[in-house]
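Contents: one structure, followed by commentary.
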Amino acid sequence: MFDYLIVGAGYAGSVLAERLASVANKKVLIIDKRNHIAGNAYDHYDEAGILVHKYGPHIFHTNSKDIFDYLSKFTEWRNYQHRVLGSLDGQLFPIPINLTTINSMYGLNLTSEQVEEFFASKAEPVKEMKTSEDVVVGRVGRELYEKFFRGYTQKQWGLDPSELHASVTARVPTRTNKDDRYFTDAYQAMPLHGYTRMFEKILSHPNIKIMLNTDYKEVVNEISYKKLIFTGPIDEYFNYQFGKLPYRSLDFKFETHDKETYQETGTINYPNDYAFTRITEFKYLTGQRHEKTSLVYEFPKAEGDPYYPIPKSENTVLYQKYKKLADELTDTYFVGRLGTYKYYNMDQVVAQALATFKKIQHQDSQESLATNDVASSINKNGSLGRY
Ligand code: FAD
Ligand code: UDP
């Protein structure tokens, strides 16, 4: 009998497996329907021997020392600051929009203060930043919104930014300085030997058994366990009884080129041209040296593997219905990007998993207190007393 059955060997499932096994000494079975661990962060060496990310480019960044310290138990790191350029009419501009973007796009020589005034003069008054359109037009105005955000967002989500929650485009800031890093988090690094190696270490504990190529539905009645942690799609768990939660999917096209570098920086975004949103060249991210180079193109689509929950109010309402069902279950926990329908980065999923572990520990200690109460009332009265 396992103490825990964990469905999904991505960050949510693997971090919980590790904590339960090593801190709480629980026996854990972790299953995944894929033929590998690491969830969407899985990386591997392609035919040319270049380390690539099977489910699109993954760059680790966090402001939390606790999260960074936790993962550092399982990997060494390579410092890496991601940089992105946007391709507009054949010219490349830094993204997020910064002082250099504006000066080179408009042939200006503004200072930081002047560019702040420039943005203020272009920004449209927005009462409440509700949608992804509000965020950008309220900050930099409609022209830059049309150039950098509208087309990209329509491609990526199949929706107009006005239909998406503000938090989506708010992920990308606007800068008045020349900082051209995509992220400004305190910790930005790539696992030195890749994500999959890090996950191998996270899951390497005698209390953890791993079963791959195993779908929850096929085995749930054959495995005996006390508690369940589910990190797959929450609507799937409940047999879509309120209808399907929409997810955005992607096709990935990989290419290897017979030259050392292909493009100017790690990622180039194509907001308005082509069916793909961006091209990422892995060697920038991993620091690998190789005479060839491998790239991935991302083509968004509606059907397929669920990669992105879609932050939109009617989807949140539907998710809340499933969450209510989830809250009514005992000894069953829903965690992760698919389990809680949240557009979370890797560090946020780790934080959520660690918080869930604390909650479980707390519940376990309450249970054992209650058990002790029973035991002590038996001792005193020779009966179950109030129980
Ligand atoms: P997942 O990694 O999706 O793991 C869930 C696992 O559950 C999967 O392996 C799945 O096979 C398994 N599963 C589902 N249903 C079942 C079932 N019925 N039976 C058995 N197994 C099942 N984050 C960043 O911080 N930085 C980035 O640069 C970044 N880039 C990204 C790029 C792309 C294209 C995508 C899609 C995501 C990116 N992310 C990034 C987000 C990151 O991938 C997630 O935050 C993280 O992987 C979520 O972990 P998870 O454990 O919640 O889910
Ligand atoms: N976005 C955009 N243009 C860009 C970059 C981002 O419109 O050049 C918008 C788009 O809606 C995207 C969102 O901002 O989905 C978040 O971008 P991010 O790079 O964080 O997306 P992810 O890496 O999660 O796919």
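Every heavy atom of this structure was used, including side-chain atoms; hydrogens, water molecules and symmetry mates were not. Whatever order the structure lists them in is the order used to number ligands and atoms, beginning at 1.
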How far is [atom] from its nearest protein heavy atom, and which residue and atom name does that atom have?
atom	result
atom 23 (O) of ligand 2	R278 NH1, 3.0 Å
atom 15 (O) of ligand 2	W157 NE1, 2.9 Å
atom 9 (C) of ligand 2	T153 OG1, 3.9 Å
atom 16 (C) of ligand 2	V168 O, 3.6 Å
atom 18 (P) of ligand 2	Y182 OH, 3.6 Å
atom 12 (C) of ligand 2	Y152 CE2, 3.8 Å
atom 4 (C) of ligand 2	N269 ND2, 3.6 Å
atom 6 (C) of ligand 2	V172 CG2, 3.7 Å

Is the count of non-hydrogen atoms from other residues, nucleotides or ligands lying under 6.0 Å from E328 atom CD greater than 12?
yes
With a cut-off of 6.0 Å (strictly less than), are more than 12 heavy atoms of other residues, nucleotides or ligands near NZ of K201?
no
Just wondering, do [Y] and [X] contact through their side chains at under 4.5 Å, heavy atoms?
X	Y	value
K147	M105	yes
T176	F119	yes
T277	F299	no

Give me the ring orientation class for Y55 and F252: parallel if the planes are under 30° apart, tilted from 30 to 60°, perpendicular past 60°.
perpendicular
Under 3.5 Å, N or O to N or O, is Y308 touching ligand 2 that way?
yes
May I ask which of Y270, Y343, F148 has a heavy atom nearer to atom 3 (N) of ligand 2 than the others do?
F148
Within the 4.0 Å heavy-atom sphere of ligand 1, strictly under, residues
V7, G8, G10, Y11, A12, D32, K33, R34, G39, N40, Y55, P57, H58, I59, T214, D215, Y216, T231, G232, P233, E236, L250, E298, Y307, Y308, G336, R337, L338, Y344, N345, M346, V349
Which donor-acceptor pairs under 3.5 Å do the side chains of residues 217-227 make with protein atoms, sequence neighbours left out?
{"residue": "K217", "atom": "NZ", "partner": "E236", "partner atom": "OE2", "Å": "3.0"}
{"residue": "K226", "atom": "NZ", "partner": "D3", "partner atom": "OD1", "Å": "3.0"}
{"residue": "K227", "atom": "NZ", "partner": "D364", "partner atom": "OD1", "Å": "3.0"}

Which residue, R83, E298, H82, forms the side chain to side chain donor-acceptor pair (under 3.5 Å) with T267?
H82
Numbering the atoms of ligand 2 from 1, which are under 4.0 Å from a heavy atom of Q156?
15 (O)
